[in-house]
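As a basis for the values below, the full set of heavy atoms in this structure was taken, side chains included, without hydrogen atoms, waters or symmetry mates.
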Amino acid sequence: MPALLLLSFGSGVAALIYEIVWFQLLELVIGSSAVSLGVLLATFMGGLCLGSLLLPRLISPERSPLRVYAGIEIGIGALAILVLRGMPLVGGIFHLRGVVAAICLLPPTLLMGATLPALARAVDQASLGFFYGANIAGGVLGCLLAGFYLLREFDTSTATYVGVGVNVAVAAIALLLRTTSVAAQAIPRESQPTESGAIVLIAIALSGLCALACETIWTRTLGLLLGASVYTLSIIVAVFLVGLGLGSAGGALLCRTTARPAVLLGWCQLLAAAAIAWTAYSISASLPYWPIDPSLSTNIRFNFALDMARAFWALLPATLLWGASFPLALAAAGAKKQDAAKLFSSVYAANTLGAIAGALSASLILFSWIGSQRAQQVLIGLSAASGLLILLPAFRWARTVAVVLLCGVLICTVPPLSKLLVAYGRYAATWVGKGDIVYAAEGRDSSVAVASFANGALTFHVAGKIQASNVPRDMRLQRMLGHLTTLVATSPRSVLVIGCGAGITAGAVSIDPRVEHETIAEIERLVPQAASTYFAGPNFDVLHNPKVQLHIDDGRHYLLTTKDRFDGITVDPLDPWVKGAANLYTAEFLDAMKRHLNPGGTVTMYVQLFETNADAVKSAVATFFEVFPNATIWGNPYNGRGHDMVLLGTAEPLHVDLDRMEQLFGHGHDAAFDAVADSLAEVGMDSPVDLFATYAGQRAELGEWLQGAAINRDRNLKMQYLAGSGLNLDDSVKIYADMLRYRRFPPDVFTSAEGRVYSLEEMMRRAR
């Protein structure tokens, strides 16, 4: 028995390693995190469902179950290697890439679904719940191993090969065990369940639907509270699986002592409705107001422990009940002398089909249609309906009415998602009473908010963090991004802006008279709506400019699928620690931008120095220099100290004619550029010298500073792991000061016939 439990555990380890790796691969291929998650969950769960159904129908019970299991595990490992090698090729398919990616993942997930039904034939029916629990426990280890070690320290290839190694190891153990063992006889029960097997299958399907829909919703909302980093995703999934595993073990123990497992299954579903209400209230109305300031500790391990504790507090009740439901459903649907594989596969398939429906509806529809509050209310109703479906024959009308009324009360207790949480995420408690949140909404891919303050400041929030504002230091950075893109380009007729944000960078691009066409790629449609409503002044009403075209699409996906070329591309991603943002910082994506540039074109990219660490900043800079050897860095200090900066890349060596720039800046020289001059003057840059004195270095100067920096590539996405361990730090002053120690004035970059080079050099020297 222990050896067989080890096999189930090992299958879970490998499966969750693959799931985490494939999610990362799908984000690169498909782009949108919500779509990627939907494709992954649908394919993963769909494959498990089909595999569990097919095995008992295609493989005779006379075959050795352990030999069958060993062959399946070897097949999973081989197919996982093919997915690793083949998935990047899907990126070259412009149309139906999501469908093709799903087809790639289907074969290995089919085999994964067949593993537990194969093992089920080697044990008695009363032990099936323990094997399910062991499989989930393995999933916990696989999730944490992949998220906190394998992908952080290595890459997707190494993580995949570790999963393959686990497949091979458990296959070898299976072959070493006695393959002629006969499954133990099931422990007789005094009476068989009288409930219809079909009703049990419907109930467990609804249980799976509620569980996966809630997991999708809570991953999003808890991501706001904990910080939507790659580590947060691993923590939430691990906690979810721990609850399912413990619940499954408890349910399996109950099955050995009860004669009516279906009744217990029904009560689990009713209690799960209450547990959903508990979690909804905890995340939306309780946890955001706990007096916690994450910045008090610079040790990320303390924050991880705190995040784990809060995740257990919110998620454990519901996950325990859903975990217990599966073995209870097995016992309720089982019959004496029934093929254990067919029993397991039917219950597993029903549960998985429900899970597919829940995952897809929550990730692709419910958020943007009715929001998290209404979605959770619907799920409470479905969970209660699942329980009543089983218990109704045994209930009197008074008890039924009482349950329905109680369900109504639970539905009414679900609060709307806290606006404070939508705006400030993990720092929500520290912002209570400091401003008015005038807009907050949940979209398909992200949550968006706008806050106003008594001093006239407006802040723009995406994913629980301030991403833009009209305060001077942010305005300066956003205008720099836009104006450097067009002023340095030879002929900026067509410009691509990746990431709309508050629209201030896009607005700066739009007012350059040489720009004839501007394209904005933004993944979340709520973002341009809020920017147009609340930031029309600072962004020059860019979203109503006739030369501007808006595409609601992931920026990476848009660039990789368009045939257009541009004279300028500017990128303002979310913080690099946010899950998915590092995709825009990879060498492969930078190379794609370079290929889409016309001669004389420019690429600018925002790099933050706060809420990160030196290793992540160096990774961003080194990766940019890898693709653009002629790149330069431009700083945006705050009160004379480092805050954030802009990377500027060109295919050719950069040359800036300060006299020509003076003509563009100066009123009366070229009236068409007056708007550009005014825009820069608003952020304290009254001359070309003011703008270009922000020069902070280039590759030739920073070689020593960048020594050993990790290159962020598609296969490793190092930045999200490096930055994710520094999200509570503010080392911006030190990082910038350390970098400036290597800066030298570049005489080959700036030219002037009227002495402006000397003025620029003096200003840079004084500012150092």
Side-chain angles (χ1 to χ4, degrees), residues 475-493 495 505 508-509 511-515 567-568 570 597-605 625 628-637 640 645-702 736 739-740 742-768:
M475 288 287 291
R476 178 182 170 99
L477 182 279
Q478 294 160 112
R479 293 277 171 85
M480 283 177 64
L481 267 172
H483 291 311
L484 280 173
T485 304
T486 60
L487 289 174
V488 174
T490 303
S491 179
R493 292 186 299 273
V495 178
T505 294
V509 169
I511 62 174
D512 191 308
R514 297 171 297 174
V515 174
D567 302 301
T570 181
L597 280 183
N598 291 319
T602 57
V603 169
T604 58
M605 175 173 283
F625 283 167
F628 295 99
N630 301 307
T632 49
I633 303 175
W634 308 82
N636 178 42
M645 58 192 191
V646 175
L647 303 180
L648 171 64
T650 56
E652 304 83 11
L654 178 63
H655 295 293
V656 178
D657 184 344
L658 295 177
D659 299 332
R660 169 59 179 158
M661 292 298 167
E662 182 66 33
Q663 292 178 355
L664 297 182
F665 272 73
H667 286 278
H669 291 287
D670 189 341
F673 282 88
D674 285 354
V676 176
D678 291 341
S679 170
L680 287 165
E682 286 178 9
V683 295
M685 295 179 174
D686 298 312
S687 71
V689 171
D690 292 332
L691 173 61
F692 294 107
T694 61
Y695 173 82
Q698 58 184 331
R699 185 177 190 177
E701 305 160 15
L702 300 176
Y736 193 65
M739 186 183 72
L740 283 190
Y742 299 93
R743 182 185 68 174
R744 301 290 181 270
F745 185 80
D748 56 329
V749 172
F750 302 105
T751 60
S752 172
E754 300 180 13
R756 292 189 174 89
V757 172
Y758 174 78
S759 299
L760 178 62
E761 188 173 5
E762 281 297 301
M763 181 173 287
M764 290 173 56
R765 184 183 60 81
R766 290 195 302 269
R768 187 164 183 168

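- For Glu761, there are no side-chain hydrogen bond (donor to acceptor under 3.5 Å, both in side chains) partners at least two apart in sequence or on another chain.
- Looking at residues two or more places apart in sequence or on another chain, you find no side-chain hydrogen bond (donor to acceptor under 3.5 Å, both in side chains) involving Asp657.
- In this structure, Gln698 and Asp748 approach most closely via the heavy-atom pair NE2-OD1, 4.3 Å.
- Evaluation of the salt bridge (charged side-chain N to carboxylate O under 4.0 Å, His left out) test over residues 477-489, restricted to residues two or more places apart or in two chains, returns Arg479-Glu682.
- Applying the salt bridge (charged side-chain N to carboxylate O under 4.0 Å, His left out) test to pairs two or more places apart or on separate chains, none has a residue in residues 690-702.
- Residues passing the ring pair (Phe, Tyr, Trp, His ring centres under 6.0 Å) test with Tyr695 are Trp634, sequence neighbours excluded.
- With sequence neighbours left out, the side-chain hydrogen bond (donor to acceptor under 3.5 Å, both in side chains) criterion links Thr694 to no other residue.
- Considering only residues two or more places apart in sequence or on other chains, Arg493 meets the side-chain contact (heavy atoms from CB on, under 4.5 Å) condition with Ser491, Glu516, Asp567.
- Residue Met739 comes nearest to Leu702 through the heavy atom pair O-CD2, 3.7 Å, listed as atom of the first residue, atom of the second, then distance.
- In this structure, Glu652 has no side-chain hydrogen bond (donor to acceptor under 3.5 Å, both in side chains) partners at least two apart in sequence or on a different chain.
- Annotation: side-chain contact (heavy atoms from CB on, under 4.5 Å) contacts of Thr650 (sequence neighbours excluded): Thr602, Asn630, Leu654.
- Residues Met605 and Thr570 are not in side-chain contact: their nearest non-hydrogen atoms beyond the backbone lie 4.5 Å or more apart.
- The closest donor-acceptor contact from the side chain of His483 to the backbone of Leu680 lies at 3.5 Å or more, if one exists at all.
- Remark: Phe625 pairs with no residue by the ring pair (Phe, Tyr, Trp, His ring centres under 6.0 Å) rule, at least two apart or across chains.
- One N or O on the side chain of Arg514 and one on the backbone of Thr486 form a donor-acceptor pair closer than 3.5 Å.
- Listed for the Asn636 side chain is no donor-acceptor partner under 3.5 Å among the backbone atoms of Met645.
- Closest heavy-atom contact between Gly482 and Thr505: N-CG2, 3.7 Å.
- Under the 4.5 Å side-chain criterion, counting only non-hydrogen atoms from C-beta, His655 is not in contact with Phe750.
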